[in-house]
Protein chains: 2
Amino acid sequence: MTKRPRSTGRTTIADVAARAGVSAITVSRALRTPDRVQAATRARVEEAIRELDYLPDAAASTLASRNSNVVGVILPSVTNKVFLGTLRGIYDVAEEGGLQVQISNSRYSQDEEERLLRIFLSQRPAGLIVTGIDQSEATRKLLRSAPCPVVQITETGPDPLDMMVGFDHAAAGALAARHLAEQGYRRIGFLGARQDPRSVRRQSGFRDSLEQLGLFDPARVLFSPDQSSVGLGSRQLLDLLRVDPKADAVLCNNDDLALGALFACQRQGLDVPNRFGICGFNDVEFMAFTSPSLTSVRTPRRQIGIRAMRLIMARIDDPAAVFAPEHLAVELSQRRSTGRDEDATSTPG
Amino acid sequence: MTKRPRSTGRTTIADVAARAGVSAITVSRALRTPDRVQAATRARVEEAIRELDYLPDAAASTLASRNSNVVGVILPSVTNKVFLGTLRGIYDVAEEGGLQVQISNSRYSQDEEERLLRIFLSQRPAGLIVTGIDQSEATRKLLRSAPCPVVQITETGPDPLDMMVGFDHAAAGALAARHLAEQGYRRIGFLGARQDPRSVRRQSGFRDSLEQLGLFDPARVLFSPDQSSVGLGSRQLLDLLRVDPKADAVLCNNDDLALGALFACQRQGLDVPNRFGICGFNDVEFMAFTSPSLTSVRTPRRQIGIRAMRLIMARIDDPAAVFAPEHLAVELSQRRSTGRDEDATSTPG
DNA sequence: ATGAAAGCGCTAACAT
DNA sequence: ATGTTAGCGCTTTCAT
């Protein structure tokens, strides 16, 4: 005795209403604001929904309410493992809040970022998350007048478009550089893959810090146009030794490079940490388990995702709320790969 | 005063039409099927769009056309690096086709998968991609009657819901097991993290294969409830040696475990490959660069994503088209970690 | 607590 | 090649 579907074949709120003996708007309310509908009415509506296997139409809802539940995220790369932790944070919080996440991929291009942003804006997003602080002027303008909360993530800086969660990449680079110097390394190199603005700022923190100590040599800074990988780290380590056979340590711009550097040292028979120190960046899980374990700069990737989504939800709840940029802390996970003497304690986890 | 309708302030297609001196439908056509509009008219429309800074409303378009451009993807985990390659393939093709990708995360739960599917269906997706073949009956029913193309990925099997792209996990497990046996290993273990249906089938291929050779011992099969990680691989290797101190090789259910196992061997002073052989699964990039390099089963992760999206696009173009399940090939990347004598050639890549 | 009417902004279907 | 009409399915506004 089921009701005959309508022209599109889709069961609508009107079908449910008829079945439950109420009006359409009551069904709508039972779905969105259940406490404004009497329990008995609500029960009948819910039963009708189940019987008819009703699925709401998100497009109709968005159109009528001028509001979707989609949060758009623009990342420079979807392949990059670095963003995995942040994505996890984003998804975890999004689920709590009943929000849908849509990721897109700007491939490190400002023009592509603007194009993607326009696509997102056409969906009346509930919120937008963009990576970094280097948007084009057109993009900045669109974001400033976006009809939804906007968060810039990963990096903090001046002139926030709206909200901001990240850390200071130059300071993080400096932290690692100072650590290597303190451990007694004197000919310290820098390995980086395809540059993005964050890499550049990390390197400049590294440079400034070593310059102050009189230890900086630009010849020991290697950037590759290739994508980051373990293989690249191995190759770059050999390159570094070619440039400066006496190089005695390296800051790797991410952990894959550090792992590659470690393997290259093993193959070359270079003792890590005594002959050669290695420090990575991000502190992904494996760094604690290599042999020897690898020092790295721990970055709050998951926290960035969590905080960004929480800011969006807070702003949805209270559109007038103002939130200051959040500068998250970065610290060093000191391990054996930079501990020339005894030292080096760090709990795996 | 008559009832004042809602004001949105949003620039609409009608505004553009007025500005360009045409009707709304002409603007719509200029946007979607430009070749059905005269060049001069089109030019005026485009100018009006620019002048007014018009952005289409995706919800209105979806509602009117009964069709979004969103492809929904349900993965068991968004954190798992294994899916990164597949995601890359999906995004690469989606961009070509002007489709938006929406990922969600079933956390290996069938109920959650069904819930997510309902959310996707409420968006009138252009296509759906689900992982594996172990959907609940309710989910299968929803997918069978979904008004869009559906692809099951990662694994092939009987009873496809619609289209299918993957490989045979049992055969892949068997391939690795035979390889280890052929290399002369005799007490071969298996390490796996939190089980999913694919892990189980890989293990059963491994088991069947070794049973035929009289080499299987269930005591050497270790599954952990924990998530896969390098640290887990290290711990499990030690566990295996505790269970069977004479164990001489291990098939790791993924490459992180294999890397962890390698580090544990290094720490234990076990010679790899002569005292102990290690084979991983997936063949991620770093496997070719460890020291010694690690043998692994190469799986076509990126291809799976590419083919899945291409199938969706092909079906959108021709809704009547029928596509048989695609069984992709899996092969062994043989490297030093399983080459007891000389042997072992494999070019890094 | 519930309902009626009026759109939200766009496109399908049918004109011309 | 372009326009007219009539919704798509829902939620807002205003009323009871």
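Labels below follow one simple rule: chain letters A, B, ... track the order of the sequence lines, proteins then strands, and each chain is numbered from 1. Keep in mind it's a predicted model, so treat the numbers as computed, not measured.
In this structure, the nucleotide among dA12(C), dT2(D), dA1(C) sitting nearest to the side chain of Ile25(B) is dA12(C). Counting only heavy atoms from C-beta on, Ile13(B) has its side chain closest to dC10(C) among dG3(D), dT11(D), dC10(C). Side-chain proximity of Thr26(B) to dG9(D), dT2(D), dT11(D): nearest is dT2(D). For Asp57(A), the listed nucleotide lying nearest its side chain is dC10(D); candidates were dA1(D), dG9(C), dC10(D). When the nucleotides dT11(C), dG3(D), dG3(C) are ranked by their closest atom to the side chain of Val22(B), dG3(D) comes out on top. In this structure, of dC8(D), dG3(D), dC10(D), it is dC8(D) that holds the atom nearest to the side chain of Arg124(B). Relative to the side chain of Ala64(A), the nucleotides dG9(C), dT12(D), dT11(D) differ in distance, and dT11(D) lies closest. For Ser61(A), the listed nucleotide lying nearest its side chain is dT11(D); candidates were dT11(C), dT11(D), dT2(D). With distances taken from any side-chain atom of Ala60(A) to the nucleotides dT2(C), dT11(D), dC10(D), the minimum falls on dC10(D).
Counting to the nearest Å, the P atom of dT11(D) and the CG atom of Leu63(A) are 11 Å from each other. Taking atom CG on Leu121(B) and atom C1' on dG9(D), their separation rounds to 16 Å, with Å as the unit. One atom, CG of Asn67(B), and another, P of dT11(C), lie 12 Å apart when rounded to the nearest Å. When the P atom of dG3(D) is taken as reference, atom CZ of Arg36(B) falls 16 Å away, rounded to whole Å. In this entry the distance linking CZ of Arg32(B) with P of dC10(C) reads 11 Å, nearest Å. Rounded to an integer number of Å, the gap from Leu31(B) CG to dG9(C) P is 16 Å. Summarising the geometry, the separation between CZ on Arg42(B) and P on dA1(D) is reported as 11 Å, rounded to the nearest angstrom.
Phosphate proximity of dT11(C) to Ser28(B): present, with a side-chain N or O under 4.0 Å from OP1 or OP2. Considering only side-chain N and O atoms, Arg10(A) lies nowhere under 4.0 angstrom from the phosphate OP1 or OP2 of dC10(D). Here Ser23(A) reaches the OP1 or OP2 of dG3(C): one of its side-chain N or O atoms lies under 4.0 Å away.
Between the side chains of Ser106(B) and Ser109(B), no donor N or O sits under 3.5 Å from an acceptor N or O. Under the 3.5 Å distance criterion, with hydrogens and angles disregarded, a donor-acceptor pair is assigned to the side chains of Ser28(B) and Arg32(B). Under the 3.5 Å distance criterion, with hydrogens and angles disregarded, a donor-acceptor pair is assigned to the side chains of Gln152(A) and Gln135(A). Gln100(B) and Gln102(A) are linked by a side-chain donor-acceptor pair at a separation below 3.5 angstrom, with hydrogens and angles left out of the test.
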Going through the checks in order, is the salt bridge (charged side-chain N to carboxylate O under 4.0 Å, His left out) test met by Glu47(A) and Arg50(A)?
CA-CA 5 Å; Glu47(A) 199 193 331; Arg50(A) 233 172 298 116; over 6 Å; no
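Side-chain contact between Ser122(B) and Phe120(B) is absent, with no heavy atoms from C-beta onward closer than 4.5 Å.
In this structure, Arg29(A) reaches the bases: a heavy-atom distance under 4.0 Å links it to at least one base atom across the strands shown. As judged by a 4.0 angstrom heavy-atom cut-off over every strand, Thr41(A) is placed among residues touching the sugar-phosphate backbone only.
Side-chain atoms of Arg66(A) stay outside donor-acceptor range of the base of dG9(C), with no qualifying N/O pair under 3.5 Å.
Each of Arg44(B) and Ser65(B) was assigned the nucleotide of DNA chain D with the nearest heavy atom; the assignment lying further toward the 5' end belongs to Arg44(B). Looking at which nucleotide of DNA chain D each of Asp35(B) and Val27(A) is closest to, the 5′-most match is held by Asp35(B).
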